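Step one of this worksheet: look at the structure below.
For the numbers below, each heavy atom of this structure counts, side chains included, while hydrogens, waters and symmetry mates do not. Computed from a predicted model, the values in this text were never measured in an experiment. Chain A is the first sequence line, chain B the second, and so forth, proteins listed ahead of strands; every chain is numbered from 1.
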Amino acid sequence: NAGVMQNPRHLVRRRGQEARLRCSPMKGHSHVYWYRQLPEEGLKFMVYLQKENIIDESGMPKERFSAEFPKEGPSILRIQQVVRGDSAAYFCASSPDRVADTQYFGPGTRLTVL
Amino acid sequence: KNEVEQSPQNLTAQEGEFITINCSYSVGISALHWLQQHPGGGIVSLFMLSSGKKKHGRLIATINIQEKHSSLHITASHPRDSAVYICAVPTSGGGADGLTFGKGTHLIIQP
């Protein structure tokens, strides 16, 4: 059973471009969480999704950021018109069901904005 | 919302020493996570525990639900244990919450 997969592992974008980060949860997991780790800072929650639904997006910036988890395919975190302050490591985690507390982390995507 | 405090923030020890990292949280929880982040940046889940004690190799995690406190111990520490150790709890206490993280403990084990 493959673990949580994220791609790309490293992404370089110029200011103003769009960044798309993908997360494939573990097989059988229908809950996905996105976290961000800014340089020299701790991990912070961004958004929690189930298939086709956003459950909690309280940690996500109101502008330029969006997330989805379609019925088929990976979860996508999209950042439009990236700025240098978006440079960070973005981690996703998945869990199997609502009552489960265990979250399994992916390897992360390191976004660098030039 | 839960708040998480970890101590110490930085810890340097000699190979072979017994290591203890502490974590306190403010809201009752269903489970607590200990995570390890290596210099390369990847995150590994070490433990998820809701009561008592768990052991995996040289790592031991304990939790006291009443006192809202958990400890991570490393026995016979080794330089490869050098990493950031992070405590995390559900933001609102339980269920399928997003997690709130401690700031991490930077551990360096010198040969």
Side-chain angles (χ1 to χ4, degrees), chain A residues 3-6 9-11 23 25-26 29-51 53-60 67 69 77 87-112, chain B residues 1-10 21 23-25 27-52 54 56 61 63 65 70 83-106:
Chain A
V4 178
M5 297 173 67
Q6 289 188 248
R9 294 292 304 277
H10 299 272
L11 181 60
C23 170
M26 288 182 70
H29 287 195
S30 58
H31 298 244
V32 166
Y33 307 81
W34 285 94
Y35 299 97
R36 178 167 69 172
Q37 188 175 39
L38 293 166
E40 307 303 321
E41 293 190 21
L43 286 151
K44 295 283 195 305
F45 167 77
M46 297 183 74
V47 62
Y48 161 39
L49 310 103
Q50 293 177 33
K51 285 282 187 182
N53 289 301
I54 296 175
I55 306 302
D56 180 356
E57 57 182 347
S58 58
M60 201 151 69
F69 189 16
L77 179 67
S87 296
Y90 292 82
F91 292 92
C92 88
S94 72
S95 69
D97 58 51
R98 184 161 186 85
V99 298
D101 295 302
T102 301
Q103 294 186 21
Y104 299 84
F105 281 80
T109 294
R110 296 200 172 276
L111 172 65
T112 301
Chain B
K1 289 193 174 185
N2 234 323
E3 294 181 359
V4 181
E5 294 285 339
Q6 268 187 254
S7 63
Q9 193 171 343
N10 296 286
I21 299 169
C23 174
S24 297
Y25 51 92
V27 175
I29 58 170
S30 53
L32 176 144
H33 300 252
W34 280 104
L35 310 170
Q36 180 191 56
Q37 186 170 31
H38 274 282
I43 292 175
V44 174
S45 292
L46 297 175
F47 294 103
M48 191 274 292
L49 69 165
S50 54
S51 65
K54 283 190 176 180
H56 186 256
I63 189 167
I65 295 292
S70 175
V84 177
Y85 292 84
I86 303 167
C87 165
V89 297
T91 299
S92 299
D97 273 338
L99 298 174
T100 295
F101 300 85
K103 292 184 178 175
T105 295
H106 294 247

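- Between the OG1 atom of B:T91 and the CG atom of A:D56 there is a distance of 8.0 Å, given to the nearest 0.5 Å.
- Neither the backbone nor the side chain of B:L32 comes within less than 4.5 Å of any heavy atom in chain A.
- Of the two parts of A:E41, neither the backbone nor the side chain holds a non-hydrogen atom closer than 4.5 Å to a non-hydrogen atom of chain B.
- The side-chain heavy atoms of A:Y33 and B:L99, taken from C-beta on, include no pair separated by under 4.5 Å.
- Nearest approach of A:Q103 to B:S45, heavy atoms of both residues: O-OG, 3.4 Å.
- The distance from the OG1 atom of B:T100 to the OH atom of A:Y35 is 8.5 Å, given to the nearest 0.5 Å.
- With a 4.5 Å cut-off on non-hydrogen atoms, A:R110 touches chain B through its side chain but not through its backbone.
- Side-chain contact between A:F105 and B:Q37 is absent, with no heavy-atom pair separated by less than 4.5 Å.
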